[in-house]
Visitor: 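This structure is in structure tokens; I'll ask about it shortly.
Atoms within a ligand are numbered from 1 in the order they appear, just like the ligands themselves.
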Amino acid sequence: MRGTTPAAPHNSPDVLVLGGGLIGLATAWRAAGSGLTVTVADPEPGGGAARVAAGMLAAVTELHYGEETLLDLNLASAARYPAFVAELEEATGLDTGYRACGTLAVALDADDRAHLRELHALQQRCGLDSQWLTGRECRRLEPMLAPSVRGGARVDGDHQIDPRRLAAALLRACEAAGVTFLRSRALRLITAQDRAVGAALDIGEEVHAGQTVLALGSRSGTLEGLPPEVAPPIRPVKGQVLRLRMPPAEPHGAFLSRTVRAVVRGGALYLVPRQDGELVVGATSEELGWDTTVTAGGVYELLRDAHELVPGVTELPLAETLAGLRPGSPDNAPLLGPTALTGLHLATGHYRHGVLLTPLTGEVLAASLTTGELPEPARPFTPRRFDTSPTRAPQEEPA
Ligand code: GLY
């Protein structure tokens with residue numbers, strides 16, 4: 001903890017965060033705000049999946065069967081967003097691109113409509129705010145939608161943020177809070193006497209720390225030195241994403257005024273229009289290891305489906321194509337908090353909800369680092385649900 005003596009040098013912080021993506025940065029910011037000295041190791045803090053992600057805060061429209069416990073976590077984080085953004089923007093003077101614009105989820109053909117109807121029924125059973133609309137009502141809200149749109153669900157509580165701006169703001173907030181950054185990759189976890197005591201970095205330095213947080217996204221399970229029983233079972237799930245430029249909003253309206261998600265012949269698609277004119281179109285979902293190649297096939301499928309949904313997209317300049325890796329876990333839910341290895345905490349496995357879960361992850365990790373306890377509503381997401389050591393506690397069941 002910080003005392004009256006000067007802050008500890010970076011080779012002995014209270015907390016070493018391995019990974020400076022959104023999750024690592026939010027954890028570092030909140031931990032520093034709790035009075036801990038914090039070092040983040042990452043060759044390119046603020047990079048990684050935050051460069052690629054569309055930034056949908058889609059607790060309701062990205063709900064899946066069997067993920068009701070995860071829904072509670074997602075809703076808890078969504079509820080924190082306005083205050084989180086206000087605090088971050090106040091601390092840094094930077095705009096995060098947060099837009100409380102809502103989401104419209106639409107269906108193209110009859111099968112897609114049946115699929116979306118099922119999701120809408122699930123949303124209603126879960127008590128969520130989601131209003132079913134006819135195709136005509138959808139087009140009244142978003143006139144650029146194709147005449148073939150068969151219906152949709154209006155979800156006014158699913159918003160968006162610009163993950164690149166969010167990362168830049170978190171980086172600046174961390175620096176202002178005294179977090180030390182080492183532009184370096186973690187090579188190996190260091191353990192001594194049955195506890196984690198830091199990490200060896202590729203700049204040839206060892207950083208010793210009271211507690212170490214593993215926030216390496218899709219690579220979290222690959223760090224050398226992790227005892228197998230606490231190594232998180234994370235796999236990379238590739239997503240290809242396009243960035244287009246929309247024309248400036250005309251008097252009769254914007255190209256799209258809210259996030260549009262769609263089921264297009266069984267496949268999922270989303271279009272996320274930003275205030276600054278960027279339109280993010282995503283995303284593929286591919287299990288191909290750590291490959292991040294943008295393929296002609298991936299771009300073709302996204303543009304084909306986007307064109308069918310909003311024919312005007314093919315008129316827009318294509319500004320950027322990128323692929324990123326979602327950190328997938330066996331139950332699609334994150335692994336948060338202390339592990340069976342004393343001194344090692346996890347903040348990984350956020351899969352499709354990393355941006356959404358950023359505020360809550362920072363908060364619960366700071367709490368677990370200061371108290372040793374994972375607060376509600378994060379308890380079901382303890383890493384110990386995947387712990388393969390013989391002492392696994394019986395109450396720690398999968399989420
Ligand atoms: N949450 C959006 C995606 O994973 O593609």
Visitor: Give the residue, atom name and distance (to 0.1 Å) of the protein heavy atom nearest atom 4 (O) of ligand 1.
Guide: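 That would be R326 NE, 2.7 Å.
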Visitor: With a sphere of 6.0 Å drawn around OH of Y65, does it hold more than 12 non-hydrogen atoms of other residues, nucleotides or ligands?
Guide: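 Enclosed: over 12 neighbouring heavy atoms sit under 6.0 Å from OH of Y65.
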Visitor: Does the plane of the ring in W132 sit parallel, tilted or perpendicular to the ring in H120? Use 30° and 60° as the thresholds.
Guide: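 W132 vs H120 ring planes: tilted.
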Visitor: Could you check whether R154 pairs with E137 (Lys NZ or Arg NE/NH1/NH2 to Asp/Glu carboxylate O, under 4.0 Å)?
Guide: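 So R154 does not pair with E137 through a salt bridge.
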Visitor: With E278, which of R165, R243, R99 fulfils salt bridge (Lys or Arg N to Asp or Glu O under 4.0 Å)?
Guide: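 Among the candidates, only R243 passes.
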Visitor: Around atom 2 (C) of ligand 1, find the nearest protein heavy atom and jot down its residue, atom name and distance.
Guide: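 Here the closest protein heavy atom is Y270 OH, 3.5 Å.
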Visitor: Need the ligand 1 atom indices (1-based, order shown) with element for anything under 4.0 Å from a heavy-atom of M56.
Guide: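 Heavy-atom distances to M56 below 4.0 Å select 2 (C).
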Visitor: Indicate whether the side chain of E67 and that of N332 have a donor and an acceptor atom separated by less than 3.5 Å.
Guide: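 Looking only at side-chain atoms, N332 and E67 do form a donor-acceptor pair, the distance falling under 3.5 Å.
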Visitor: Provide the number and element of each atom of ligand 1 under 4.0 Å from a heavy atom of E62.
Guide: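 Per the distance check, 1 (N), 2 (C).
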Visitor: Is the closest heavy atom of Y351 to ligand 1 under 4.0 Å?
Guide: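 The answer is no, since Y351 has no heavy atom less than 4.0 Å from ligand 1.
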Visitor: By number and element, which atoms of ligand 1 are closer than 4.0 Å to a non-hydrogen atom of A283?
Guide: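 Within the 4.0 Å cut-off of A283, ligand 1 contributes 5 (O).
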Visitor: Have E286 and T284 got a donor and an acceptor in their side chains that come within less than 3.5 Å?
Guide: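 Yes, T284 and E286 have a side-chain donor paired with an acceptor closer than 3.5 Å.
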Visitor: Regarding atom 3 (C) of ligand 1: of the candidates R352, H353, R261, which has the closest heavy atom?
Guide: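 Going through R352, H353, R261 one by one, R352 has the nearest heavy atom to atom 3 (C) of ligand 1.
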